[in-house]
Amino acid sequence: MSEINVQLKNGAQAALPAPVTVAEALKRLDRETAKKALAARVNGREVDLAYTLEPNGDAKIEIEPVLPQTLEGLDVLRHSTAHLLAAALLDLFPGTKLGIGPALLEDPRYGFFYDVIAPRALTEEDLPVIEKRMRDIAKRNLAYRRDEISKAEALRIFDERDEPLKRELIDEKAGEVVSIYYIDGSPFVDFCLGPHVPNTNRLKAFKLLSLSGAYWKGDAANTQMQRIYGTAFFTQEELDAWLKQREEAERRDHRRIGRELDLFSIQESYGQGLVFWHPKGALVRKAMEDYLHEELVRRSYTFVYTPHIARRELWQLSGHEQNYGDSMFAPTKIEETEFRLKPMNCPFHIGIYRSQQRSYRDLPQRYAEMGTVYRAELSGTLHGLLRVRGFTVDDAHLFCTPEQVRREIDDCVDFADQVLRTFGFDKIKYELSVKGSDTSKHYLGSDEDWVKAEAALAEALDARNISYERIEGEAAFYGPKIDFKIEDAIGRLWQLGTVQWDFNLPERFDLEYIGEDGRAHRPVMVHRALFGSIERFFGVLIEQYAGAFPMWLAPVQVAVLPITDRTDEYAEKVGQELRAAGFRVEVNLRSEKIGAKIRDAQLQKIPFMLVVGDREMEADGVAVRERTKGDIGAMSLEEFKRMARELVERRAITNNSLESGV
RNA sequence: GCCGAUGUAGCUCAGGGGUAGAGCGUCUCCUUGGUAAGGAGAAGGUCCUGGGUUCGACUCCCAGCAUCGGCUCCA
């Protein structure tokens, strides 16, 4: 009988008689850890606790337990819970065909899912029933058991069970040795690498969340399956906390807040995905646009306005009809000429560029426009302000010489960074999408051009010490790009702005400039948007602040609240003075007690409330209440204006002001 | 577009084959109150739309539309 030398990573070691399982070895090495472990890494490879260690000559075998409260542990736990879900489904609905059932760690909305084809359509009412069955199975302390069999044997098993989808996966993915998992005592068996928890009794805190459709292998051409989402944690407390946080996130939903604060609406009778900006939403938009405008001027952009519609031939020339036609509104005919609504602004800015001959001395040309575009998004994808059919892009197109482009990209990245931070988005994700090696995708432009363009984009990011993800094959066919994504309150990533290099349109439109050498050259064209869609940006902003906008963005910045109607007139005077000073003010003259007026203002998330009663009128001052801090004392109106102006000018995110200590 | 759910007052929602309900909001009156809801009264409905079953449909059935949760798509 041989011995095995095992060592806990960074810990105890022992020589144990073979054969020995990971669980037994762990128990010898560290009894406490052994109890907690869900699985383990043996020499770096993830295995079950039931895995039998093989002697490896004299070499030491390193064991590292996979523990609760680690990401790896959570992955194992959720993956195992997905299997439990499948077991419950097979129990309740014999004939269910299993697809895939992975753990989800990246998407904070869920924990795992299982895709299945059930013998009948599942509904939400089934979820509690399925969950109950999962608990019942968990309580039976059933073992997760791994088996390694030949591919032929695996195919036979899944054929026998009539699991065509699993069979397909094995056919495609499996090597000669196939790893399968049973939950002993349940009808469940899966094609799966593991690892899993040793026993269903380890699954205590889980919940099924929702039901949806999902295509087999994510391809709409394939059959649609039903997906059941759930989540799992190590303890009930963690699960409860997560569920609570989820409710909080729902409270931030921009659609709810948009209605409560009367910011915008989308009305069925006017059309899906078309946004109405109500006065208060429009005020926020105005503040956003004013800020952007200021920056555009500072950065030497010029402003243009262009039509919303153009002849169909234009879209054929630009290539939009061929490449993007499905997302465009259908042509409309006027006196035998067909027109289409614009899904993008670029061809129009090009129209301005090529309206005259350009010299290298004229470059760069930087055209900026709040350009409204229309896209025929599928009805099922529409979502509040975040996905709509008509929206406005803070668009700009830069036309420059090849020598100038690096500087332009630098400025775009700097600009984006500044803008997003000003709005309080500090979780920005930068993605550099470059040409992939996939030869089936047709890219325009020479390899040499691509190398240069990708380098220019990467250097611009590097120069600012921005860490970014380089994504191979994600570039558009016409050029590489940098995307800016931010994370919203629910943890969703939203694509906002983009900087895109374009090899395509200058060619298609035969753009030129006359160089120093007196010859015509092709300019470089860069598309650039920072908000992306102003509608979407607004939606994300609403969720970011839960409707409680910073002073400079708040549609109503100050509420003046008289205590009795004796001070109504004084309140009006205060309101007028503030308006004259440029603030957005509401004076609440309702016949309500001060508490009710404060409550109204709080619910409207107005940054400052000015309470004015006899005392304030007497002193010609105001009693200031800040939205989050409450009563911060009386001051003169001048003092308040100074403080408020400072917050607005600084575009402060919070109302903490150094000067006044507010 | 696809799968599932939902659609009742401005909002949030309850209800049930036989004349439509609540809370909040709105309006009017009373109240003049000092930091998150003062009181009373009133108005307000194509119960999503169209068809069917029925003596009778907002309710049951079918279809459509929209919304929600996802999938897919996203130059």
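All chains are named by letter (A, B, ...) in the order of the sequence lines, taking the proteins before the strands, and each is independently numbered beginning at 1.
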Query raised in the report: On a whole-Å scale, what distance lies between the C1' atoms belonging to B/rG70 and B/rA14?
Result: 28 Å
Query - Phosphate OP1/OP2 of B/rG33: any A/R590 side-chain N/O under 4.0 Å - result: no
Report task. Can you figure out which of B/rA36, B/rG69, B/rG34 approaches the side chain of A/R599 most closely? Result -> B/rA36
Query raised in the report: Just checking A/S210: base, sugar-phosphate only, or nothing, at a heavy-atom cut-off of under 4.0 Å?
Result: sugar-phosphate
**Report entry** Centroid-centroid under 6.0 Å between A/F113 and A/Y229 rings
**Finding:** yes
Requested in this report: Considering only atom P, compute the distance from B/rA36 to B/rA42 and round it to an integer number of Å.
Outcome: 32 Å
Query raised in the report: Base, sugar-phosphate, or nothing: which does A/H320 touch, judged by heavy atoms less than 4.0 Å apart?
Result: base
Query raised in the report: When all nucleic acid strands are considered with a 4.0 Å heavy-atom cut-off, which category describes A/D326: base, sugar-phosphate, or nothing?
Result: nothing
Query - Flag for A/T306-A/H349: side-chain donor and acceptor within less than 3.5 Å - result: no
Report task. Provide the distance between the two C1' atoms, one in B/rC47 and one in B/rA9, to the nearest whole Å. Result -> 10 Å
Query raised in the report: Which is true for A/L122 with a 4.0 Å heavy-atom rule: it touches a base, it touches only sugar-phosphate, or it touches nothing?
Result: sugar-phosphate
**Report entry** Nearest listed nucleotide, side chain of A/R259, among B/rU35, B/rU12, B/rC68
**Finding:** B/rU12
Query raised in the report: Any idea which heavy atoms bring A/L382 and A/Q272 closest together, and the distance?
Result: CD1-CB, 3.5 Å
**Report entry** Lys/Arg N to Asp/Glu carboxylate O, A/K429 vs A/D483, below 4.0 Å
**Finding:** no
Query - Same-atom distance (P) from B/rG17 to B/rU12, integer angstrom - result: 26 Å
Query - No-H, no-angle donor-acceptor pair, A/E377 side chain to B/rG1 base, under 3.5 Å - result: no
Requested in this report: Pick the C1' atom in B/rA43 and in B/rU28, then give their distance to the nearest Å.
Outcome: 10 Å
Requested in this report: Would you tell me if any nitrogen or oxygen in the side chain of A/H383 comes within less than 4.0 Å of OP1 or OP2 on B/rG69?
Outcome: yes
Query - A/K605 bridged to A/E260 by N-O distance under 4.0 Å - result: no
Query raised in the report: Taking any strand in view, what nucleotide pairs with B/rU53 in a Watson-Crick or G-U wobble way, both distances under 3.5 Å?
Result: none
Query raised in the report: When all nucleic acid strands are considered with a 4.0 Å heavy-atom cut-off, which category describes A/R615: base, sugar-phosphate, or nothing?
Result: base
Query raised in the report: Which part of the nucleic acid, if any, lies within contact of A/E616, taking any heavy atom under 4.0 Å across all strands shown: a base, the sugar-phosphate backbone alone, or nothing?
Result: base
**Report entry** Which nucleotide in B/rA36, B/rC71, B/rC11 has an atom nearest any side-chain atom of A/Q602
**Finding:** B/rA36
**Report entry** Identity of whatever pairs with B/rG4 - Watson-Crick or G-U, under 3.5 angstrom
**Finding:** B/rC68
Query raised in the report: Contact class for A/R387 vs. all strands (heavy atom < 4.0 Å): base, sugar-phosphate, or nothing?
Result: base
Query raised in the report: Are the charged groups of A/E592 and A/R590 less than 4.0 angstrom apart, N to O?
Result: yes
Query - Salt-bridge present (A/E454, A/R470; N to O < 4.0 Å) - result: yes
Report summary line: Ranking B/rG34, B/rG33, B/rG70 by distance to the side chain of A/A623, first place goes to B/rG34
Query - Inter-nucleotide P distance (B/rU19, B/rA57), Å rounded - result: 12 Å
**Report entry** Pair assignment for B/rU59, Watson-Crick or G-U wobble, requiring both distances under 3.5 Å
**Finding:** none
Report summary line: Looking only at B/rU72, B/rC68, B/rG4, the nucleotide nearest the A/L378 side chain is B/rU72
Report summary line: Re B/rA36: Watson-Crick or G-U wobble partner, both distances kept under 3.5 Å, found to be none
Requested in this report: Return the value, rounded to whole Å, for the distance between atom NE2 of A/H254 and atom C1' of B/rC68.
Outcome: 13 Å
Query raised in the report: Do the side-chain N or O atoms of A/R256 get closer than 4.0 angstrom to the phosphate oxygens (OP1, OP2) of B/rC11?
Result: no
Query raised in the report: Just checking A/T498: base, sugar-phosphate only, or nothing, at a heavy-atom cut-off of under 4.0 Å?
Result: nothing
Requested in this report: For A/G595, answer base if it contacts any base atom (sugar-phosphate contacts may also be present), sugar-phosphate if it contacts only those atoms, and nothing otherwise; contact means non-hydrogen atoms under 4.0 Å.
Outcome: sugar-phosphate
Query raised in the report: Between A/Q272 and B/rU67, does any side-chain N or O lie under 4.0 Å from OP1 or OP2?
Result: yes
Query raised in the report: Which residue, A/R389 or A/P562, contacts RNA chain B at a nucleotide closer to its 5' end, judged by nearest heavy atom?
Result: A/R389
Query raised in the report: Out of B/rC68, B/rG38, B/rU72, which nucleotide sits closest to the side chain of A/R255?
Result: B/rC68
**Report entry** Proximity to the side chain of A/Y229 - top-ranked nucleotide from B/rU35, B/rG33, B/rG70
**Finding:** B/rG70
Query raised in the report: Mapping A/K217 and A/G384 to their closest nucleotides on RNA chain B, which lands nearer the 5' end?
Result: A/G384
Report summary line: On a heavy-atom basis, the closest approach of A/A118 and A/T96 is CA-OG1, 4.1 Å
**Report entry** Inter-nucleotide C1' distance (B/rG15, B/rC65), Å rounded
**Finding:** 25 Å
Report task. May I have the distance from A/L209 (atom CG) to B/rC71 (atom P), rounded to whole angstrom? Result -> 13 Å
Query - Salt-bridge contact A/D395-A/R528 (side-chain N to carboxylate O under 4.0 Å) - result: no
Report task. Describe the nucleic acid contact of A/A601 in one word from base, sugar-phosphate, nothing, applying a heavy-atom distance below 4.0 Å. Result -> nothing
Report task. For the side chain of A/L603, starting at C-beta, report the closest nucleotide among B/rG38, B/rA36, B/rG69. Result -> B/rA36
Query raised in the report: Using purine N1 to pyrimidine N3 plus N6-O4 or O6-N4 for Watson-Crick, or N1-O2 and O6-N3 for G-U wobble, both under 3.5 Å, which nucleotide pairs with B/rC13?
Result: B/rG21
Query raised in the report: Paired with B/rC47: which nucleotide, if any, by Watson-Crick or G-U wobble criteria at under 3.5 Å for both distances?
Result: none
Requested in this report: For nucleotides B/rC61 and B/rG25, find the distance between their P atoms and express it as a whole number of Å.
Outcome: 37 Å
Requested in this report: Name the nucleic acid region contacted by A/E260, choosing base, sugar-phosphate or nothing; use a 4.0 angstrom heavy-atom cut-off, strictly under.
Outcome: nothing
**Report entry** No-H, no-angle donor-acceptor pair, A/R227 side chain to B/rC3 base, under 3.5 Å
**Finding:** no
Report summary line: B/rA42 -> Watson-Crick or G-U wobble partner, both distances under 3.5 Å, gives B/rU26
Query raised in the report: Roughly how many Å is it from OH in A/Y114 to P in B/rG70, rounded to a whole number?
Result: 22 Å
Query raised in the report: Any N or O donor-acceptor pair linking the side chain of A/Y215 to the base of B/rG70 at under 3.5 Å?
Result: no
Query raised in the report: Donor-acceptor pair under 3.5 Å: do we get one between A/R625's side chain and the base of B/rU35?
Result: yes
